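Everything numeric in this text was worked out from a predicted model, so none of it was measured.
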Amino acid sequence: IVRSGIFSGVLYLGLVIALLAVDSLFDVRIDGDVYFQLFIFCLGIVNTWIYLSDFPKNIQEQTEIHFNKALEVFVKYILIPLVILYIIILYAYGFKILIQWELPKGWVSYLVTALALLGFIVQVITNPIQKKVSSWTINNFYPWFYRLLLPLIVLLFIAIIRRVSDYGITENRYFVLVIALWILGMTLFLLFSKKRSLIILPISLFILAILSSFGFWSASSVSQKSQIKQFTKVFELVKGKDYIATASQHDQLRSILDYLDERKSLSHLNPITGIEIKEMFKDTITDDEEGVYTW
């Protein structure tokens with residue numbers, strides 16, 4: 001993985017420097033998207049094929065797992081200590097909010113998610129040799145990690161639900177919620193399933209990624225409907241007070257307007273506001289045009 005990353009990275013930097021040279025020396029304007037497309041090509045095609053070139057032809061006949069000393073040191077002295085550190089921080093924060101009786105901050109959801117993913121990675125790496133190496137931390141990583149993770153998953157859902165109830169669903173919150181459900185499902189599966197087949201981890205995540213990308217249940221569709229609903233709720237409150245908004249209401253309405261403007265969906269608010277917002281917000285502006293925005 002490291003070698004293929006270095007090879008494709010060097011190729012990408014070399015091609016980028018060449019494009020910058022052409023742009024500078026010959027006054028040839030190269031669109032910024034070309035650099036991103038080049039990055040995707042080097043990462044998706046070049047990097048992948050260099051990586052796959054190292055696989056032996058008879059790989060399906062090799063069933064022995066080689067867990068070398070370097071990998072053991074990496075897991076035992078880097079990954080697992082990081083997992084323990086995250087658990088200590090999150091449990092300390094959990095006790096803090098219990099003592100102060102306050103709702104958790106939204107940022108904690110990202111840390112719990114990172115902890116869960118890191119734990120899954122350790123499980124995948126150590127699963128073939130968990131009972132063979134003479135390491136207490138590796139041998140006992142399962143099931144103690146998942147038992148300690150369950151209370152933190154509750155904290156994760158509380159943090160997400162709080163943000164959703166206050167500000168509605170956006171694409172980021174949608175995916176955090178989907179990942180939270182996936183983490184809960186995988187944790188319960190690995191704790192109580194007799195087979196504990198780890199192939200379910202990537203397969204289930206892949207299925208969720210596909211399902212969340214289309215249909216009325218997709219991230220974009222659900223988020224847009226949620227933000228319109230949030231706008232309606234706040235706008236009606238402001239309307240009932242002779243269109244006088246508090247600072248927080250103003251900021252929330254403005255945030256929703258920016259959100260819908262980026263997605264060219266401001267016209268959905270016309271029935272709610274009774275005005276043509278498209279005329280005010282330049283609903284069909286393109287990247288090459290300059291727009292004048294009026295609140």
Check your understanding: For Thr126, does its backbone N or O pair with a side-chain atom of Tyr142 as donor and acceptor, under 3.5 Å?
Key -> no
Check your understanding: Are Ile256 and Leu260 side-chain neighbours, meaning at least one heavy-atom pair lies under 4.5 Å?
Key -> yes
Review point. Does NZ belonging to Lys96 count more than 12 external heavy atoms closer than 6.0 Å?
Key: yes
Check your understanding: Around Ile1, counting heavy atoms of other residues, nucleotides and ligands shown, do more than 12 lie under 6.0 Å from its CD1?
Key -> no
**Study point:** Co-membership, hydrophobic cluster, residues Tyr110 and Val164, 4.5 Å side-chain
**Key:** yes
Exercise for review: Count the heavy atoms belonging to other residues, nucleotides or ligands that lie under 6.0 Å from OH of Tyr77, then report whether that count exceeds 12.
Suggested key: no
Review point. Quick check: does any side chain N or O of Gln249 sit under 3.5 Å from a backbone N or O of Thr246, one acting as donor and the other as acceptor?
Key: yes
Point to revise | Other residues, nucleotides, ligands: >12 heavy atoms within 6.0 Å of Tyr51 OH | key: no
Exercise for review: Tell me, yes or no, whether the heavy-atom count around Tyr167 atom OH, taken from other residues, nucleotides or ligands under 6.0 Å, exceeds 12.
Suggested key: no
Review point. Under 4.5 Å between any side-chain heavy atoms of Leu19 and Leu38, yes or no?
Key: yes
Exercise for review: Kindly indicate whether the side chain of Asn270, heavy atoms from C-beta on, has any atom under 4.5 Å from the side chain of Ile275.
Suggested key: no
Point to revise | Ring center gap for Phe7 and Trp49 short of 6.0 angstrom | key: no
Practice item. Taking the side chain as every heavy atom from C-beta outward, state whether Tyr86 and Val112 have any pair of such atoms under 4.5 Å apart. Key: no
Point to revise | Check: Leu201 and Leu198 side chains under 4.5 Å, non-hydrogen atoms | key: yes
Check your understanding: Out of Gln227, Gln224, Glu171, which one pairs with Tyr259 under the side chain to side chain donor-acceptor pair (under 3.5 Å) rule?
Key -> Glu171
Check your understanding: Does Phe39 CZ have over 12 foreign heavy atoms under 6.0 Å away?
Key -> no
Exercise for review: Could you tell me whether the side chain of Phe192 reaches within less than 4.5 Å of the side chain of Tyr146, counting heavy atoms only?
Suggested key: no
Exercise for review: Measure from the side-chain N and O atoms of Trp182 to the backbone N and O of Ser204, and report whether any donor-acceptor pair falls under 3.5 Å.
Suggested key: no
